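To keep things clear, I will list the structure first and then write my remarks on it.
Order of the sequence lines sets the chain letters (A, B, ...), proteins ahead of strands, with each chain counted from 1. Computed from a prediction, not measured in an experiment: that's the story for all the values here.
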Amino acid sequence: EVQLVETGGGLVQPGKSLKLTCATSGFTFSTAWMHWVRQSPEKRLEWIARIKDKSNNYATDYVESVKGRFTISRDDSKSSVYLQMNSLKEEDTATYYCTTAFAYWGQGTLVTVSS
Amino acid sequence: DIQMTQSPSSLPASLGDRVTITCRASQDIGNYLRWFQQKPGKSPRLMIYGATNLAAGVPSRFSGSRSGSDYSLTINSLESEDMAIYYCLQHNEYPWTFGGGTKLELK
């Protein structure tokens, strides 16, 4: 059974950092391209980052609104993907999902940026 | 960025109805279009991929179609379990972009 479990969300002040983890199982993680998607409180979905596999040099892409602040990474030995979020803004408040192929999703982790 | 204009934003319907939701792409995306269903408190569920292909386990009353830059999700004979928010996603070009969502609810 494919499982993706996000952790690391919480309440954080503007300007601070947070690191999300997505632990996976049930599929060949090392060859999977992994994505982070977030959903605002208004229910708008936004794709934010993707990391390819080793054969594609772990290439990354980001939406403009998080470039330079967020970093996606992976550890194939742990079947996990990460999202390092720096310089957080109130508009980053959302539920963050990891997904592979957009066919399998985690349950999401809520990030609230507020003073 | 490619804009996905989804309509309607809200769709009241009755059980047994046939309903259609549409996404219009601002640029050519070929058939790189997926549809998702999301129920309250749940993660999105893939329903349609490649604009017209039914994902595994999705009931046959769901279908996807394309006419030029317009992509449609049709549900035949609506059932109560279909009440949800539906989103389209273009994955032809980064950044991948979602439509604004359509809330399907009982009339």
Using distance only, find each side-chain donor-acceptor pair of residues 99-108 of chain A under 3.5 Å and give its atom names and separation, not counting sequence neighbours.
from: A/Thr99; atom 1: OG1; to: A/Phe102; atom 2: N; distance (Å): 3.3
from: A/Thr99; atom 1: OG1; to: A/Tyr104; atom 2: O; distance (Å): 2.8
from: A/Thr100; atom 1: OG1; to: A/Trp33; atom 2: O; distance (Å): 3.4
from: A/Trp105; atom 1: NE1; to: A/Phe102; atom 2: O; distance (Å): 3.0
from: A/Gln107; atom 1: NE2; to: A/Glu6; atom 2: O; distance (Å): 3.0

Same cluster (ILVMFWY, side-chain, under 4.5 Å), A/Leu110 and A/Val12 = no
Cluster overlap A/Ile72 with A/Val66, hydrophobic side-chain contacts below 4.5 Å = yes
CZ (B/Arg18) with more than 12 external heavy atoms under 6.0 Å = no
Same cluster for B/Met83 and B/Ile85 if Ile/Leu/Val/Met/Phe/Trp/Tyr side chains link at under 4.5 Å?
-> no
Identify whether A/Val2 and A/Val37 are in the same connected component of the hydrophobic contact network (ILVMFWY, side-chain heavy atoms under 4.5 Å).
-> yes
Single-linkage hydrophobic cluster, 4.5 Å side-chain cutoff, B/Met47 and B/Tyr49 together = no
Set of residues satisfying side-chain hydrogen bond (donor to acceptor under 3.5 Å, both in side chains) with respect to A/Asp75, sequence neighbours excluded = A/Ser77
Just give me the residue among A/Trp47, A/Tyr97, A/Tyr62 that pairs up with chain B most often, heavy atom to heavy atom, under 4.5 Å.
-> A/Trp47
With a 4.5 angstrom heavy-atom cut-off, which part of A/Glu42 approaches chain B: side chain, backbone, both or neither?
-> neither
Taking heavy atoms only and a threshold strictly under 4.5 Å, list by residue number the residues of residues 86-107 of chain B that touch chain A; give 'none' if the list is empty.
-> B/Tyr87, B/Leu89, B/Tyr94, B/Pro95, B/Trp96, B/Phe98
Mark yes when over 12 heavy atoms from residues, nucleotides or ligands other than A/Glu91 sit less than 6.0 Å from its CD; otherwise mark no.
-> yes
Could you have a look at A/Leu45, A/Ile48, A/Val63 and say which one has the most heavy-atom pairs with chain B under 4.5 angstrom?
-> A/Leu45
For chain A, which residues of residues 21-43 of chain B have heavy atoms nearer than 4.5 angstrom = B/Arg34, B/Phe36, B/Gln38, B/Lys42, B/Ser43
Ranking B/Ala55, B/Pro44, B/Ala56 by heavy-atom pairs under 4.5 Å to chain A gives rank one to B/Pro44
